Amino acid sequence: SKREKLENMAVDNNYRKNQLITYLFNYAYEHDIGYVFFESDPNNPSLSFKNEREICINMNWHHHSPEVPFTVAHEIGHIMDDRPNLKQYNCCLDYGGLDDEERDADIYGLHLIYQYSCGQEDNFYDPIAFVQSYAIPERMIKETYKMFKDEGEFFYIDKSQNTLHA
């Protein structure tokens, strides 16, 4: 039945999400980044403490949002950023704002998830399919197209220019 198919898709998506979160926490561990995950008020953001090399992830962010894996990757991006730490901690209240640190953490997170996707042998030919499959925030669409173009592994049609990219 249609309902069973939808329930199976939800289970499959939760499995995929959990596998990605496991990969990201393993990545953090391998790069000497400590992590704490907790469930708190859905509006409490995740944090990173660069000097301590620790990330704190609210797994209840926006009521278990599918974007939680991207949040983990984003916070890892803060720790991996080579810039000196000018803040006591990074609290990402304004994801996608004009702040260079936030944008760079977003880009790092996007590339980290893309790296995972390639390791899973996901063959995305359309950046939007990648964004949807991995619950990448909408604010990252332009950067995702740029990443696909720079990687050069995939063919996709740039609808803004009606050209085929290889």
Side-chain angles (χ1 to χ4, degrees), residues 7-122 124 127-148 151:
E7 287 173 0
N8 288 338
M9 283 175 56
V11 168
D12 186 49
N13 286 340
N14 281 333
Y15 176 78
R16 181 181 209 150
K17 177 180 156 185
N18 290 337
Q19 290 297 107
L20 176 55
I21 289 171
T22 299
Y23 167 82
L24 293 168
F25 283 138
N26 285 334
Y27 181 92
Y29 178 80
E30 290 167 5
H31 289 85
D32 198 31
I33 300 171
Y35 52 86
V36 174
F37 50 98
F38 61 95
E39 290 208 10
S40 181
D41 182 282
N43 297 309
N44 288 344
S46 296
L47 308 166
S48 62
F49 298 90
K50 190 167 187 169
N51 291 339
E52 292 81 12
R53 295 188 64 79
E54 187 170 83
I55 60 175
C56 301
I57 306 298
N58 182 2
M59 301 299 281
N60 193 33
W61 176 247
H62 291 165
H63 301 287
H64 300 281
S65 164
E67 290 182 14
V68 167
F70 184 82
T71 301
V72 175
H74 171 98
E75 296 302 335
I76 289 170
H78 278 299
I79 303 300
M80 298 300 285
D81 186 357
D82 290 337
R83 274 187 280 218
N85 187 25
L86 302 176
K87 302 176 185 177
Q88 180 178 356
Y89 62 89
N90 289 302
C91 177
C92 302
L93 293 173
D94 184 26
Y95 284 112
L98 299 176
D99 183 324
D100 284 347
E101 286 184 47
E102 296 306 317
R103 187 183 70 246
D104 289 350
D106 271 354
I107 291 169
Y108 191 94
L110 175 68
H111 285 265
L112 185 55
I113 292 173
Y114 179 78
Q115 175 185 325
Y116 170 80
S117 171
C118 290
Q120 298 302 302
E121 298 183 4
D122 290 339
F124 290 103
I128 298 302
F130 170 77
V131 164
Q132 291 171 340
S133 293
Y134 284 99
I136 306 295
E138 188 175 314
R139 68 179 179 273
M140 298 303 298
I141 289 175
K142 183 177 179 181
E143 189 63 38
T144 304
Y145 272 94
K146 181 182 179 309
M147 179 182 69
F148 268 63
E151 288 295 325

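Model, not experiment: these values are computed from the prediction.
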### Query
In chain order, what residues pass the side chain to side chain donor-acceptor pair (under 3.5 Å) check against S40, with sequence neighbours excluded?
N44
### Task
Kindly indicate whether the side chain of F70, heavy atoms from C-beta on, has any atom under 4.5 Å from the side chain of V68.
no
### Message
When you compare the side chain of M147 with that of H111, does any pair of heavy atoms fall below 4.5 Å?
### Response
yes
## Note on the structure
Contacts of Y116 meeting side chain to side chain donor-acceptor pair (under 3.5 Å) (sequence neighbours excluded), chain-then-number -> none
### Task
Under the side-chain contact (heavy atoms from CB on, under 4.5 Å) rule, collect the residues that match up with P66, sequence neighbours excluded.
A135
### Query
Atom CD in Q115, atom CG in L110: separation rounded to 0.5 Å?
11.5 Å
### Query
Given side chains that start at C-beta, do those of Y114 and F130 come closer than 4.5 Å, heavy atoms only?
yes
#### Entry: Distance-minimising heavy-atom pair for C56 and F49
SG-CE1, 3.7 Å
### Task
Supply the atom-to-atom distance D81 CG to I107 CD1, rounded to the nearest 0.5 angstrom.
10.5 Å
### Message
With side chain to side chain contact (heavy atoms under 4.5 Å, CB included) as the criterion, how do I141 and I128 come out once you've worked through the C-alpha distance, each side chain's angles and the decisive distance to 0.1 Å?
### Response
CA-CA 7 Å; I141 289 175; I128 298 302; 3.9 Å; yes
### Message
Rounded to the nearest 0.5 Å, what separates atom CG in L112 from atom OG in S117?
### Response
11.5 Å
Please tabulate, for the side chains in residues 26-37, all donor-acceptor contacts under 3.5 angstrom to protein atoms that are two or more places apart in sequence or on a different chain.
| from | atom 1 | to | atom 2 | distance (Å) |
| --- | --- | --- | --- | --- |
| N26 | ND2 | T22 | O | 3.3 |
| Y27 | OH | Y108 | OH | 2.5 |
| H31 | ND1 | Y27 | O | 2.8 |

### Message
Quick check: do R16 and Q120 have side-chain heavy atoms less than 4.5 Å from each other?
### Response
no
### Task
Using a 4.5 Å cut-off on heavy atoms from C-beta on, say whether the side chain of P69 contacts that of Y134.
no
### Task
Working to the nearest 0.5 Å, report the span between CD1 of I136 and CD1 of I113.
4.0 Å
### Summary
Which of R53, H74, E75 passes side chain to side chain contact (heavy atoms under 4.5 Å, CB included) with S48? Answer is E75
### Query
Side-chain contact, heavy-atom cut-off 4.5 Å: Y145 with M140?
no
### Summary
For Q19, the side chain to side chain donor-acceptor pair (under 3.5 Å) test, sequence neighbours excluded, returns none
### Message
I'd like to check the side chain to side chain donor-acceptor pair (under 3.5 Å) partners of N18; sequence neighbours left out, ordered by chain and number.
### Response
none
### Query
Out of curiosity, F38 CZ to N58 CG, how far, rounded to the nearest 0.5 Å?
4.5 Å
### Query
So, are D106 and R103 salt-bridged, with charged N and O less than 4.0 Å apart?
no
### Task
Report yes if the side chains of W61 and P42 come closer than 4.5 Å at any heavy-atom pair, otherwise no.
no
### Message
As an exercise, state the distance from CG of D104 to CE of M80, rounded to the nearest 0.5 Å.
### Response
13.5 Å
### Task
Take I79 and E54 through the side chain to side chain contact (heavy atoms under 4.5 Å, CB included) test and state the conclusion after the steps.
CA-CA 8 Å; I79 303 300; E54 187 170 83; over 6 Å; no
